[in-house]
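Written out below as structure tokens is the structure these notes cover.
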Amino acid sequence: MMVAIARDALPSGFVIEGVTAKRGVPMILNEGQLAASASGVIEMALEENDRLDGIIIGAFGDPGIDILRNLVTFPVVGICEASMLDASMKGRRFGIATITPGLVSSFAAKAGSLGVGNLFTGTRLTQGEPEALVANKERLKSALFSAVEKCFLHDGAEAVIVGGGPLGQVAHWLSQRFLAPVIAPIPSAVTLLLKRIGKPQA
């Protein structure tokens, strides 16, 4: 699903392939799992190294991104990084709506490391267990709609990121239901990667 979203965001003449970690958890739910996933990301990237123009790290915490950038010669972008840079464009205040309470502090740290911490209005969480929500698309839509709405109405956000790669389809759905920008991280990452590769989009 995530690869399909990325392909839809690509101009003609580009190819994107998905690679899945050989080990790890089905869904990253806390900072310990996020840190543990970095080695798998780096391993996958180095195995494909010789034939790539760039890499998108498809986990919202961007695991291993700084280490990987020191090991390869092509651009590496993360979906969290890309969506925050997109959401904060032209000084917009932005929030995050997501399903993973165990990662909230990492989002604030990421915003700070990117120099946009002063624009970050915080994270709004859905109600319910993340795995159960992902398994029920209608419940997921409703829960994330409420979280996005709170970011706009209560936190003063001018743009809201739907925080999570596996939430990509719902992020697209939500982007069509608010007048203010709702940012889907995967298309943001494709746009940023093409910019850093130096190849114009069609």
Side-chain angles (χ1 to χ4, degrees), residues 1-88 96 98-100 102-116 130-131 134 161-169 171 183-202:
M1 177 269 288
M2 293 170 64
V3 173
I5 292 170
R7 286 175 177 158
D8 284 344
L10 279 174
S12 59
F14 292 87
V15 176
I16 192 161
E17 298 177 12
V19 182
T20 302
K22 297 173 183 175
R23 60 185 182 277
V25 294
M27 184 186 301
I28 297 171
L29 299 176
N30 58 55
E31 292 187 33
Q33 292 172 345
L34 181 65
S37 67
S39 61
V41 170
I42 294 164
E43 179 183 297
M44 287 186 289
L46 295 180
E47 284 180 358
E48 305 291 333
N49 181 33
D50 294 338
R51 62 189 192 89
L52 301 179
D53 294 308
I55 285 178
I56 295 171
I57 297 176
F60 193 66
D62 301 343
I65 192 168
D66 293 325
I67 296 172
L68 189 54
R69 281 176 171 156
N70 290 323
L71 297 175
V72 298
T73 57
F74 46 74
V76 179
V77 304
I79 62 173
C80 184
E81 165 197 50
S83 60
M84 285 187 173
L85 294 176
D86 191 357
S88 63
I96 293 174
T98 192
I99 64 175
T100 49
L103 293 171
V104 169
S105 61
S106 71
F107 303 153
K110 186 74 173 185
S113 72
L114 292 171
V116 295
E131 299 97 326
V134 170
I161 299 164
V162 179
L167 310 180
Q169 289 177 328
I183 307 296
I186 297 170
S188 294
V190 170
T191 299
L192 182 60
L193 182 61
L194 291 175
K195 179 180 178 182
R196 290 185 176 174
I197 290 173
K199 295 183 178 181
Q201 289 182 274

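Reckoned from all heavy atoms, side chains included, excluding hydrogens, waters and symmetry mates.
- The side-chain contact (heavy atoms from CB on, under 4.5 Å) test applied to S88 returns F94, V116, L119, not counting sequence neighbours.
- Residue I186 comes nearest to G165 through the heavy atom pair CD1-O, 3.8 Å, listed as atom of the first residue, atom of the second, then distance.
- In this structure, the side chains of L192 and L85 come closer than 4.5 Å at one or more pairs of heavy atoms.
- Here R69 pairs with E81 under the side-chain hydrogen bond (donor to acceptor under 3.5 Å, both in side chains) rule; sequence neighbours left out.
- The minimum heavy-atom distance linking A189 with I56 is given by the pair CB-CG2, 3.8 Å.
- Side-chain atoms of R7 come within 3.5 Å of backbone atoms of I16 as a donor-acceptor pair (strictly under, hydrogens ignored).
- Shortest non-hydrogen contact noted between F60 and P185 is CE1-CG, 3.9 Å.
- The minimum heavy-atom distance linking M2 with G58 is given by the pair CE-O, 2.9 Å.
- Scored by the side-chain contact (heavy atoms from CB on, under 4.5 Å) test, M27 finds L29, I99, P130, V134 as partners (sequence neighbours excluded).
- Summarising the geometry, atom CE belonging to M84 is positioned 4.0 Å from atom CD1 belonging to I96; distances are rounded to the nearest 0.5 Å.
- With sequence neighbours excluded, no residue forms a side-chain hydrogen bond (donor to acceptor under 3.5 Å, both in side chains) with S113.
- Side-chain N or O atoms of D62 include none that pairs as donor or acceptor with a backbone N or O of I65 at under 3.5 Å.
- Considering every non-hydrogen atom in both P11 and L194, the closest pair reads CD-CD1, 3.6 Å.
- The shortest distance between side-chain heavy atoms of E17 and R51 falls below 4.5 Å.
- Within the model, atoms CD of E47 and CD1 of I42 stand 12.5 Å from one another, a figure rounded to the nearest 0.5 Å.
- Residues satisfying the side-chain contact (heavy atoms from CB on, under 4.5 Å) test with V72, not counting sequence neighbours, are L46, N49, L68, F74, V76.
- P75 approaches D53 most closely through the heavy-atom pair CD-O, 3.3 Å.
- With sequence neighbours excluded, no residue satisfies side-chain hydrogen bond (donor to acceptor under 3.5 Å, both in side chains) with S83.
- For the pair I5 and P187, the minimum side-chain heavy-atom distance is below 4.5 Å.
- Side-chain contact between L10 and V190: present, with at least one pair of heavy atoms (C-beta onward) separated by less than 4.5 Å.
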* Residue pair T98, L167: steps toward the side chain to side chain contact (heavy atoms under 4.5 Å, CB included) verdict -> CA-CA 9 Å; T98 192; L167 310 180; 4.2 Å; yes
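- At least one side-chain heavy atom of L103 sits less than 4.5 Å from a side-chain heavy atom of S106.
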